[in-house]
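From a predicted model like this one, the values you see are computed outputs, not experimental measurements. Chain A is the first sequence line, chain B the second, and so forth, proteins listed ahead of strands; every chain is numbered from 1.
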Amino acid sequence: MKAFRRKIISFYRRRKRTFPWREEITPYRIVVSEIMLQQTGVERVEEKFEPFVTKLPDFESLAGAPLREIMEAWQGLGYNRRALSLKRLAQAVIERYSGELPRDRESLLALPGVGEATAGAIMAFAFNVPLAFIETNIRRVFIHHFFTGCQKVSDRQIMPLVEAALDRSNPRDWYYALMDYGSALGGTANNPNRKSSRYAKQAPFHDSDRKVRGDMIRLLLGAGSMAIDDIIDATGHGADRLVPVLCAMVRDGLVTEEAGRYRIA
DNA sequence: CTCCGGCTCT
DNA sequence: AGAGCCGGAG
């Protein structure tokens, strides 16, 4: 474990990455960056982050902003439900905690869009409090170093090692270092995460519901509100294809319907 | 065409 | 436990 830690630290000294959310650290900036980073690569988050927090600089402005405004700032990041989660998270922080992000794992987990990985990252990066957690970069590092030649490695197997390696006096820098190292491993031809039990081949994107939903968000952001037949004309999708997807988006709270017209909620 | 990513709901 | 959710890069 000592050699492992030395390896990570030495890599970090040479190759540490700088990001806007590492340069100026506030709980709000950490929350926004972590939600963005959940399913989006850092390159794209880097472009969107500053414009987003400039337009919506704190929990209060985010909680009060119309969803359409938040979605406009979110465009290009994908998985638009996260933008809605982020607004609901901000509302919860205002209502439950009078605008101050709570500093404990349980309260963070109770916020919309926050699971184990995000709660652990927020505790480390916003508050420098040590919790063991696993996300994709961390998973890569541990599989690469400890599970060479293994297949179907589960997070349950990895977690005790994360726990043992954790620098409890400075978890923020330790996790920066782990993630920078893991990210570098990801760039190599053989991604260690293919040896994770979570690895799965994904369905094609073309003609998926995911694509239709993305098209719909873009269309409605541009148009304001639209009747169903105009949506059918504009997208070229038939009603059979469109209506179930649109219903799901209404159910998710992304879209609302009023007098036969649909718009961003 | 294949690839990446954590949370939510079932 | 497993499926669904996005957009951009290779």
Side-chain angles (χ1 to χ4, degrees), chain A residues 30-49 52 70-89 92 105-106 108-125 131-141 143 152 154-156 158-159 162 175 178-179 182-221 235 241 244-255 264-265:
Chain A
I30 295 299
V31 166
V32 171
S33 64
E34 285 305 323
I35 299 293
M36 287 181 171
L37 288 162
Q38 276 173 0
Q39 291 110 318
T40 307
V42 280
E43 301 82 4
R44 245 181 318 149
V45 172
E46 269 187 295
E47 295 171 24
K48 302 284 175 181
F49 178 79
F52 189 99
I70 300 171
M71 298 278 251
E72 275 161 10
W74 192 268
Q75 274 299 284
L77 290 169
Y79 289 122
N80 297 288
R81 286 196 299 202
R82 287 182 296 159
L84 177 59
S85 277
L86 194 52
K87 178 181 163 75
R88 289 175 173 165
L89 182 154
R105 173 178 169 279
E106 299 308 318
L108 291 174
L109 283 176
L111 295 170
V114 178
E116 295 288 350
T118 306
I122 292 171
M123 288 301 280
F125 299 145
L131 289 182
F133 69 96
I134 296 173
E135 52 73 75
T136 191
N137 292 306
I138 298 171
R139 186 177 296 118
R140 251 196 300 262
V141 174
I143 290 178
K152 303 256 179 229
S154 69
D155 286 355
R156 196 174 285 272
I158 298 172
M159 194 56 104
V162 177
Y175 276 120
L178 267 185
M179 289 181 182
S183 171
L185 288 175
T188 65
N190 244 341
N191 184 350
N193 278 351
R194 294 186 181 189
K195 293 194 255 177
S196 165
S197 61
R198 304 164 67 92
Y199 181 75
K201 214 171 122 152
Q202 78 170 34
F205 181 61
H206 184 66
D207 278 344
S208 67
D209 286 4
R210 274 153 46 236
K211 175 170 164 46
V212 176
R213 287 170 65 107
D215 292 346
M216 199 93 77
I217 295 287
R218 240 169 288 123
L219 184 66
L220 292 178
L221 280 179
T235 59
R241 183 81 185 88
V245 175
L246 201 47
C247 280
M249 295 176 78
V250 171
R251 207 165 50 235
D252 285 346
L254 286 170
V255 170
I264 301 297

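- With contacts defined as side-chain heavy-atom distances shorter than 4.5 Å, the pair A:M123/A:Y175 does not qualify.
- If you take CZ of A:R198 and P of C:dA1, they are 12 Å apart, rounded to a whole angstrom.
- OP1 or OP2 of C:dC6 sits under 4.0 Å from a side-chain N or O of A:R213.
- A:G41 comes within 4.0 angstrom of no nucleic acid atom, judged by non-hydrogen atoms across all strands.
- With rounding to whole Å, A:R251 atom CZ is found 10 Å from B:dC9 atom C1'.
- As a whole-Å value, the separation of A:L77 CG from C:dA9 P is 13 Å.
- The distance between atom CD of A:E72 and atom C1' of C:dG7, rounded to the nearest whole Å, is 18 Å.
- Counting to the nearest Å, the P atom of C:dA3 and the OH atom of A:Y79 are 14 Å from each other.
- Of the side-chain N and O atoms in A:Y199, none sit less than 4.0 angstrom from OP1 or OP2 of B:dG5.
- Counting to the nearest Å, the P atom of B:dG5 and the CZ atom of A:F205 are 17 Å from each other.
- Using a 4.0 Å cut-off, no side-chain N or O of A:K211 falls inside it from OP1 or OP2 of C:dC6.
- Counting only distance, with no hydrogens or angles, the side chain of A:R105 and the backbone of A:G120 share no donor-acceptor pair below 3.5 Å.
- Among the protein residues, A:D252 comes within range of no part of the nucleic acid, since none of its heavy atoms lies under 4.0 Å from any strand.
- Using a 4.0 Å heavy-atom criterion, one finds that A:R218 contacts the sugar-phosphate atoms exclusively.
- The CG atom of A:L108 sits 17 Å away from the P atom of B:dG6 (whole-angstrom rounding).
- Between A:N191 and B:dC4, a side-chain N or O to OP1/OP2 separation shorter than 4.0 Å is present.
- Of the candidates B:dG6, C:dC5, B:dG5, the closest approach to any side-chain atom of A:Q38 belongs to B:dG6.
- The side-chain heavy atoms of A:T136 and A:Q39, taken from C-beta on, include no pair separated by under 4.5 Å.
- As judged by a 4.0 angstrom heavy-atom cut-off over every strand, A:R82 is placed among residues making no nucleic acid contact.
- You'll find that the side chain of A:R194 is closest to B:dC4, out of B:dG5, B:dT2, B:dC4.
- Between the NZ atom of A:K201 and the C1' atom of C:dA3 there is a distance of 18 Å, given to the nearest Å.
- Taking only side-chain nitrogens and oxygens, A:R81 never comes nearer than 4.0 Å to OP1 or OP2 of B:dG5.
- For A:Q39 against B:dG6, a side-chain N or O and a base N or O form a donor-acceptor pair under 3.5 Å.
- In this model, no side-chain donor or acceptor of A:E116 finds a partner on the base of B:dC7 within 3.5 Å.
- Proximity of A:Q75 to A:I217: side-chain heavy atoms (C-beta onward) are separated by under 4.5 Å at one or more points.
- Using a cut-off of 4.0 Å between Lys/Arg side-chain N and Asp/Glu carboxylate O, A:D207 and A:K211 are scored as not salt-bridged.
- For A:R44, the listed nucleotide lying nearest its side chain is C:dG8; candidates were B:dG6, B:dT2, C:dG8.
- For A:D209, the side-chain atoms get nearest to C:dC5 when compared with the rest of B:dG6, C:dC5, C:dC6.
- Listed pair A:T40 / B:dG5 fails the phosphate criterion, with no side-chain N or O lying under 4.0 Å from OP1 or OP2.
- For the pair A:Y79/A:R210, a side-chain contact is recorded, criterion being any heavy-atom separation below 4.5 Å from C-beta on.
- Checking A:A203 against A:A119, the closest nucleotide of DNA chain B that is more toward the 5' end is the one next to A:A203.
- Distances shown here put a side-chain N or O of A:T118 below 4.0 Å from the OP1 or OP2 atom of B:dC7.
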